[in-house]
Structure formats: structure tokens, C-alpha cells
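Below is one structure, written out as C-alpha cells; comments come after it.
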Amino acid sequence: HRLDPRNKLMLSFCYIILVFLANNWLSYLILIALTLGAIRASTIRLGFFLRGIRPLIWLILFTVALQLLFSPAGGHVYWHWAFINITQFGVINAGYIFIRFLLIIMMSTLLTLSTQPLDIATGLASLMKPLRWVKVPVDTLAMMLSIALRFVPTLMDEAQKIMNAQRARGVDFGEGGLFKQAKALLPLMVPLFMSAFNRAEDLSIAMEARGYQDSEHRSQYRILTWQRRDTVTWVIFALGLALILICRRW
Amino acid sequence: MTQRMENIIEVHNLAYRYPDAEQHAALDGVSFDVHPGEWLAIVGHNGSGKSTLAKALDGLLPFTQGTVTVGSIVLTPETVWQVRAQIGMIFQNPDNQFVGATVEDDVAFGLENRQLPRDEMRTRVAAALERVGMTKFANRAPSSLSGGQKQRVALAGIVAMAPKILILDEATSMLDPQGRQAMLALVRELHREQHLTVISITHDIDEAANANRILVIDDGHLIEEDVPAAIFAQGERLMDMGLDVPFTAKLAAALQQRGITPPTGYQTTQEMEEWLWQSLSNTSATPTKPTHP
Amino acid sequence: MGGNNVANHKLKQEILAAVLAALTIALSLMIVIPVPATHGMVTLCEVGIYTSAILFGNPVGVFVGGASGFMIDVLSGYPEWCLFSLVIHGLQGLVVAALAHRASGVVRGLVLPMLAGSLVMVVGYYLATSLLFGWPAGLASIPGNLIQVGFGLVVTVTLVASLTRFNPKLSKGMIR
Amino acid sequence: MSLTVPDHGYLAVIGHTGSGKSTLIQQLNALLKPTTGRLTVDEFTITPTTTNAALKPLRQHVGMVFQFPESQLFEETIQKDIAFGPQNFGVAEADALALADQMLTQVGLDASYAQRSPFELSGGQMRRVAIAGVLAMHPQVLVLDEPTAGLDPQGRQEMMDLFERLHREQGLTIVLVTHQMEDVAQYAEQVAVMRQGKLVKVGTPQEIFGDPAWLRANQLDVPRAAQFAQKLATRGVTWPQGLPLTATALADQLAAQWPKG
């Protein structure tokens with residue numbers, strides 16, 4: 001929860017790599033232990049994580065089934081019909097994919113539930129800092145990302161208001177075929193874009209009036225701090241990585 | 001020329017033309033001065049050019065002709081940032097000027113632009129939020145605030161910067177009555193406490209009544225310049241100037257129609273009340289006034 | 001007093017990109033149109049990215065693509081995708097903005113660039129999904145994504161036509 | 001909560017920001033369906049189970065002018081935008097366009113505007129176009145959510161006069177949500193006060209504004225004339241016909257007791 005968002009982002013990314021490295025039961029077991037440990041540390045109830053899986057259940061089953069039916073030949077063949085083979089290899093692969101889904105979904109739910117979107121955006125911008133060396137305007141991007149985030153609720157409100165007004169004029173949103181729906185969107189999208197142009201114009205003037213020249217010549221109010229507990233997570237992570245690498249060997 | 005030092009803003013023969021509007025100028029030959037610590041109201045109906053004028057003062061529009069001097073600095077592309085540092089501006093739409101992701105980030109925005117060290121920013125942000133009564137909301141996102149609260153955060157951003165001049169560009173026009181009154185009360189306090197020079201562009205008669213002086217803009221021209229009482233005395237004509245007719249003037253007109261002649265000139269509500277009371281009670285106490293021969 | 005215009009223009013473009021990204025994110029989170037044929041959903045993410053890219057070119061296009069791709073995943077609870085989406089939608093915006101040229105007519109100037117952008121998106125997600133969950137999952141992503149980009153393309157064409165008609169500045173490319 | 005608006009009435013809904021006024025008016029044409037209870041507008045009855053298709057005739061019957069309605073404009077020409085609503089309710093294109101021209105003059109815009117883009121107009125003119133677009137659907141009830149917000153005083157006055165004329169001449173029932181107590185005093189026949197999603201008081205303007213202490217306790221303003229009349233009352237002036245709410249009503253009562261000189 002209280003980890004540096006930069007750290008959380010990096011950890012999540014490396015975690016995905018870790019999931020790829022895992023290739024046998026033992027290494028998956030280590031991963032499951034790591035994940036459950038992280039969930040415990042977050043003090044979020046397990047129920048939330050299971051809820052995150054529900055909307056994806058069909059995709060998971062479909063994938064697992066395909067993996068099961070069309071895996072490359074190998075190992076003992078359990079069942080055979082036309083070009084479909086259910087092999088030992090297939091079963092194992094399908095099992096692994098299933099666990100992969102669960103692990104990645106759980107970890108991502110963990111990240112979402114424990115971190116504010118603003119912090120994730122700040123974290124991302126901060127992680128991009130090395131790109132300064134190749135002339136990427138990182139500070140400007142960070143400023144833009146934060147403004148984008150700040151305007152999301154405002155524009156959602158506005159979209160809702162325009163939809164209400166058009167509904168009152170007899171537009172049916174969300175009814176009929178795709179083409180009809182596409183047509184019904186125009187009375188919403190045109191005003192919304194026009195207003196976005198105006199807002200951008202107003203906001204840039206307001207920013208200039210408040211002395212904004214460019215993103216480089218500024219000091220920072222919001223800063224992220226790397227703490228002891230952030231380092232601890234990396235030690236645990238490295239341990240996991242080492243264990244998995246050892247497991248791969250066997 | 002000896003008066004030169006006394007003016008905090010001097011505008012001379014200012015003109016501006018929007019790039020895509022062929023016909024007429026948005027501002028034409030506007031000249032006026034603002035004294036330090038003064039509260040100046042600029043009025044005019046929608047589209048009269050008063051918002052254009054406000055933006056020109058802050059170097060936000062490249063005006064085509066004339067000079068603007070702010071705190072003895074002549075506004076040029078080179079000095080624009082020095083000029084802006086002396087002016088705090090609040091615009092009409094509370095949503096379109098909120099930069100930060102949270103209240104405190106927004107208050108800090110101007111300070112970041114001045115590259116203040118972080119510790120100083122923290123003290124200034126805290127003090128400014130305290131001043132406008134928004135301390136409790138420091139970590140809130142703008143979407144959870146009312147329009148009035150957003151404008152108070154904008155005001156906090158300006159308090160933190162401590163400029164000499166505050167320009168309100170119809171800053172209360174999108175607020176509900178409570179929000180408007182709260183905002184006006186705050187500006188009044190700041191004007192008094194910090195000798196802030198206030199320029200308010202407004203349609204609101206109460207806001208205009210606070211001013212020491214009112215400028216009336218019509219069709220890009222400065223057509224009148226006087227104290228509120230003199231401007232308000234114009235009665236029904238005020239509508240054309242983008243102001244409401246004061247209640248006392250409406251009442252005076254209605255009385256006139258009913259054959260009662262109120263005193264001439266603008267009356268405050270107290271004056272009107274006093275006069276009405278006198279007229280009503282005089283006669284009931286002494287039914288017949290002795291008539292002079 | 002006209003000298004301040006260069007910085008001004010740059011800031012305007014940056015803020016425009018940020019607000020358009022916000023608009024794209026808001027639309028994608030708010031309006032989810034069910035597609036009965038695939039039991040899937042269509043969002044308006046493409047409409048936001050394509051329209052911004054076509055009207056304002058790069059870097060607006062690449063920023064709107066990347067930022068909205070990234071933030072939509074973060075906000076809707078699929079952060080495992082956010083880095084992939086950052087790259088895929090960013091490229092998608094980049095490609096459309098780079099190829100779009102309204103002077104050369106609807107088909108060559110708008111539709112073909114959008115088809116190229118759509119290809120980037122569909123192939124990108126196929127690769128990313130395959131990498132994460134194996135090729136069958138990658139394959140499963142294709143039909144839904146095809147409908148998504150197709151819908152985005154149709155809405156964008158009509159929207160761009162409307163917007164340029166109102167705003168002569170847009171059609172002359174003055175803002176760009 | 002229960003509330004009845006008479007046919008051809010003029011109801012003002014007042015209340016602090018966030019008191020539930022917007023929710024109430026969105027119910028009036030079923031943009032939000034009630035979770036419990038029932039809404040009856042003339043021959044239409046809306047209950048929590050009414051289907052969406054059944055709502056459409058109601059939406060034509062109740063015209064909605066939302067806050068800053070100019071943000072609903074999207075068509076290429078003003079004429080097409082005004083004709084958009086009627087066409088959604090089944091009016092043929094040619095008829096709708098003719099109707100649009102008619103509505104344009106009704107809201108006080110010159111007929112020559114018909115072929116111009118709505119985005120070339122000033123904010124106040126855009127608002128008139130949006131209102132024309134609602135009137136073109138020939139609603140029997142007109143719901144107005146702060147229709148004068150952001151206009152200058154002259155624009156406000158003209159807007160309120162327009163609604164008053166529609167009410168008087170065409171018998172439109174008007175529901176006005178507003179913070180402008182002067183408008184309530186001047187135009188409304190009936191006032192509903194909302195607080196925290198509840199209807200706390202309904203009555204004539206006289207009844208509502210007759211109790212300034214109660215209004216202030218609810219953070220609502222009192223019309224200036226009433227404030228002024230109250231001050232005079234503390235000095236002993238009496239108002240035999242009730243507290244006057246507008247400058248003209250105040251002048252009438254003053255004239256009645258003015259000493260003949």
C-alpha cells in the first residue's frame with residue numbers, strides 16, 4: 001500500500017517477466033507463494049481478487065480449452081480424434097496458462113486496489129526520466145498526463161449532461177444495431193470535442209497567467225520518496241527470481 | 001507627469017483586433033490608469049470587449065496598438081513574465097483553470113513556476129489554503145468540489161503568490177449566490193488587508209458597488225468612467241451597460257409612475273429607506289405640513 | 001507585443017493533447033457498447049485517438065494514443081496491459097497522425113491511414129496477448145478488436161467531417 | 001415526496017446547490033426513472049417498471065432546457081439543429097425545417113440565421129437556438145434548469161420575458177429551477193423548496209417569502225423588495241396586502257398609504 005508507486009510499477013512489470021520464466025510446477029508454486037504473500041501484505045481481502053477474475057472467465061476457459069486441444073504433440077496421448085490430440089503436454093500447458101491468468105490478474109488487481117491512478121501516472125513519468133538523455137521532454141509529459149487525469153471526471157460529467165440533453169431531444173443511445181448507434185453518437189461527440197477545444201484554450205491561457213513558461217524551469221511540489229520497505233520488496237523479489245532460476249535448471 | 005509614480009497600471013491608446021474577425025476591433029483606443037490599492041470595476045454587456053481588455057493587461061493577447069505599463073514596467077514580449085508576476089488572474093469557468101490534480105497541487109502550481117524551494121512551497125500552500133478556508137480540502141480532487149470552492153482554490157493560488165494586482169474576469173458569474181457572496185467577501189478582505197489592487201470585470205451590481213471607480217466599455221470603446229453612485233444614477237440605462245438596475249432605482253421608477261417623486265440621483269438602500277420612512281411618518285405625525293405663503 | 005506566440009502555441013498544443021486524451025479516456029470508460037455477435041464490447045477509444053490524430057497530427061496523435069491507452073487500462077483495472085497499451089495505442093496514434101492528410105480526400109486521406117492504424121492495433125494486441133497467455137488467447141482477441149477498430153473508423157469519418165465543417169480553423173489546419 | 005403542478009402553471013423550484021433539484025427535474029421527463037413511487041404527467045404515468053420505449057412520447061411532451069443548453073448544439077446549420085428534435089419524434093424533414101424557421105423568430109433571432117453555423121454565434125444567441133430546438137418539439141411542459149446562468153442582465157431579462165410570453169400566450173406549463181429569487185418573485189405562481197432530496201415546502205411566492213427567517217435558515221435568499229419591505233416593517237410600516245416581493249408591488253403598497261399632499 002504505502003510503497004513508492006514507481007516501485008510498484010517496476011515490480012509489476014518484472015513480475016510479469018518472472019511469470020514467463022516459470023516453467024515447471026515448482027517454480028509456479030514459488031510464484032503462487034510470492035503472490036499470496038503480496039496480497040497478505042496489502043491487507044486487502046481475497047474476495048476482491050476473485051471478483052476481478054469473473055468478467056474474464058470465458059476468455060480464460062476458451063484459451064485453456066484451445067491450449068488443451070491444439071498443443072504441439074509431446075508426451076503421452078490421452079485421447080485422439082481427427083486432428084485433435086489431448087496430450088500430457090497439452091494438459092500441463094493448459095494448467096500453466098490457467099495459473100498464469102490467475103496470477104497476473106491477482107497481481108494487477110492488487111496494483112489497482114492499492115494505488116491511486118494519479119500515483120501510477122506520476123510513477124510512470126518518473127520512471128521515464130532516463131529518457132531525458134535522448135531528448136524526450138519527460139517533465140512536459142508528466143504535466144500533460146496529470147492534466148489529462150484531472151480532466152477525466154470533468155469530461156465524464158459533461159458527456160453525461162450532453163447525453164441527457166440529446167436524450168430529451170429524442171435520441172436513443174444504446175439502442176439498435178451498431179450502425180444506428182454510431183449515428184446516435186454524433187450529437188454527443190461533436191459538442192464534446194468542441195468543448196474540449198475550448199477548455200484546452202482556456203486552460204492554456206490560465207496556465208500562462210499563472211507564470212507557466214515551460215516544464216523545465218520549475219520546482220516540484222509533489223515528490224515520490226523511496227523508502228526502506230521499497231528496498232525490502234526488491235530483496236524478496238530477487239530471492240524469488242533466484243529460486244525460479246534454480247528451478248528452471250532442474 | 002508627476003502623477004506617473006502613483007499609478008500601478010497605465011493603459012494608453014490600446015487596440016486589439018481578433019485575427020479572424022474582419023469587421024471591427026475588439027478594443028479601440030482605450031486609455032485609463034489604475035491607482036495602487038484601488039478597486040476598479042470594468043462593466044459592459046457580453047461581447048463588449050472587457051474580457052479582451054483583461055487579457056491584454058496580462059500580456060495574454062498580442063494587442064495591435066498602444067502601451068500597457070504595469071508597476072512602471074512597459075509590457076513587451078521581453079518583460080511579459082515580469083508583468084505577469086505582479087498580476088493574479090481568476091477567470092470565469094472554475095473548471096478550465098484548475099491545473100493540479102488535487103487542491104494543494106493546484107495552489108502550488110504558480111509557486112512551482114517560480115521555482116520556489118519545496119519547503120517554502122509547503123508553508124505558503126498551507127497558509128494560503130488556511131486563508132481561504134479550504135485547508136480541509138487540501139487532498140481533494142477538483143471534481144469533488146463545487147464551483148465556489150474551486151474559485152476559492154484559485155484565489156488561494158493567488159494568495160500564495162502574493163501579487164500586487166488581482167484581476168477577476170467574471171470570476172463569480174458561474175457561481176450560485178452563496179458561492180458568489182463567499183468569494184466576494186474573501187476578495188474584500190484581501191483587498192483591505194493586503195492593499196491589493198483589484199480589477200473586477202463583472203455584471204454583478206454588488207460586485208460593482210464595491211469598486212472605487214467603474215469603467216464602462218461598449219463595443220471596444222471606453223465610454224464612461226465614474227464613481228459607482230454616479231454610474232448607478234443612470235437607472236434603466238444600466239441595462240445597456242451590462243449591469244442590472246439597482247433595486248432602489250427600480251423602486252424609484254415605480255414610485256415615479258405612481259405620482260411620487262423620490263430624491264434625484266442614486267440612493268443606497270439605507271438612504272431610500274430613510275427617505276421613505278421620513279415621508280411616511282412625517283405626515284402621519286404632523287398630518288398637515290404648514291404651507292408657505 | 002506579438003513575440004510571445006511561439007511558446008504560447010507549443011503550450012496550447014500540449015494542453016490540447018492532454019484534454020483530448022482526457023476526453024478519450026472519459027469516453028472509453030463511460031460508453032461501452034455491447035456487440036451481440038461476439039459477446040464482446042466496443043469502446044470509443046479509437047474515435048478519440050483517430051480524431052485527435054487526424055485533426056492535429058503528431059505529437060498530439062501519439063500522446064493521445066499512448067496516454068489514453070495506458071490510463072484506460074489503469075483506471076479500468078487491467079494494469080497488466082497498461083505498458084502494452086501505451087506502446088500499441090501510441091503507435092496507432094502515431095501512424096494515423098503521420099499518414100492522415102485531409103487534402104487528399106476521404107478514402108486516401110482518412111480511411112487508409114486509419115486502416116493502417118487499425119492494423120497496428122489488432123496485430124499489436126495479438127502479439128501482446130500471445131506473449132502473456134499463449135497464441136490461442138491472441139487469436140481470440142482478433143475478432144473483437146476488428147469490430148472495435150471498424151466501429152471507431154466509421155464514427156471518426158463522420159465526426160471529422162462535422163468538426164471541420166464548423167471550425168474553419170480546423171479544416172485549414174491552422175491549429176495544427 | 002409528492003408534488004402537483006397545475007396545468008398551465010408556473011412552478012419555481014428553489015433550493016441550495018445539491019438539494020436534489022436536478023434529480024427532480026430529470027424525473028419529469030424520465031431521464032431518471034423513479035426507484036419507488038410514481039410520476040404522472042398529463043396522460044403519462046411513469047413507474048419504476050416503465051419500459052424505455054414507452055418513455056419517448058413523454059420526452060416530447062416535456063421539453064427540457066438544461067443548464068448551458070448551448071452545449072447540445074451539433075448540427076451544421078442552425079436550421080438543421082432546431083429541426084433535429086422534431087425529426088426524432090417522427091416529423092418529416094421538410095416540415096421540421098419549416099418549423100425551425102418559425103421557432104427561430106419565436107426566440108427572437110432573425111430568420112437570416114437559419115443557414116449559418118451555430119458555432120459562429122455569441123453564447124447568448126447559441127442559447128436561444130438551443131431553446132428553439134426544444135420548443136420545436138411542441139412540448140406542453142417546459143422545464144428550465146437555470147436558463148439565465150452566465151448571461152448578462154439584459155440577456156437574462158430577455159430570456160425570462162420569452163418564457164413568460166410562452167407561458168401566457170401558448171399556455172405552456174413552466175417548471176423553473178433557479179437561484180434568482182427576483183425571478184421567482186416576479187414570474188412564479190407556485191414555489192417548491194427542496195432540501196437534501198426532499199421537498200420541504202410548497203406554496204405561493206407570498207407564502208414562501210413571507211417567512212424570511214425560515215428561508216435564511218435554509219440558506220436561501222429573499223427578494224430585495226421583500227428585504228427592503230421588512231426593514232421598513234421594523235420601523236413600523238405595515239403591509240396590509242402582505243409582504244411585497246417586487247419593486248412594483250412595493251411601490252403599489254407605498255402609494256396606497258402615501259399621505260395625500
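Order of the sequence lines sets the chain letters (A, B, ...), proteins ahead of strands, with each chain counted from 1.
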Which atom pairs, one a donor and one an acceptor, fall under 3.5 Å between side chains of residues 186-199 of chain A and the rest of the protein, sequence neighbours left out?
from: A:S195; atom 1: OG; to: A:E158; atom 2: OE1; distance (Å): 2.7
from: A:S195; atom 1: OG; to: A:E158; atom 2: OE2; distance (Å): 3.2
from: A:R199; atom 1: NE; to: A:E158; atom 2: OE1; distance (Å): 3.1
from: A:R199; atom 1: NH1; to: B:N96; atom 2: OD1; distance (Å): 2.7
from: A:R199; atom 1: NH2; to: A:E158; atom 2: OE1; distance (Å): 2.9

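- Residue D:K56 holds its NZ atom at 12.0 Å from CZ of A:R167, rounded to the nearest 0.5 Å.
- The main-chain N or O of A:G170 is never found under 3.5 Å from a side-chain atom of D:Q60 such that the two would form a donor-acceptor pair.
- More than 12 heavy atoms of other residues, nucleotides or ligands lie within 6.0 Å of CD in D:E120, so this atom counts as buried by the packing criterion.
- The number of heavy-atom neighbours closer than 6.0 Å to CZ of D:R195, taken from other residues, nucleotides and ligands shown, is 12 or below.
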Inset, instruction - Given side-chain contact (heavy atoms from CB on, under 4.5 Å), test D:F68 with A:K161 step by step and report yes or no. - result: CA-CA 10 Å; D:F68 300 103; A:K161 279 183 192 147; over 6 Å; no

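- Between D:Q72 and A:Q166 the shortest heavy-atom distance is O-NE2, 2.9 Å.
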Would you mind writing out the side-chain donor-acceptor pairs for residues 166-176 of chain D within the sub-3.5 Å range, not counting sequence neighbours?
from: D:H167; atom 1: ND1; to: D:L172; atom 2: O; distance (Å): 2.9
from: D:H167; atom 1: NE2; to: D:E189; atom 2: OE2; distance (Å): 2.8
from: D:T173; atom 1: OG1; to: D:H8; atom 2: N; distance (Å): 2.9

Legend entry - Step-by-step salt bridge (Lys or Arg N to Asp or Glu O under 4.0 Å) determination, D:R59 to A:D172: CA-CA 11 Å; D:R59 298 230 167 112; A:D172 303 307; 5.4 Å; no

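- Heavy atoms only, all atoms of each residue included: A:A168 and D:F66 are closest at CB-CE1, 4.2 Å.
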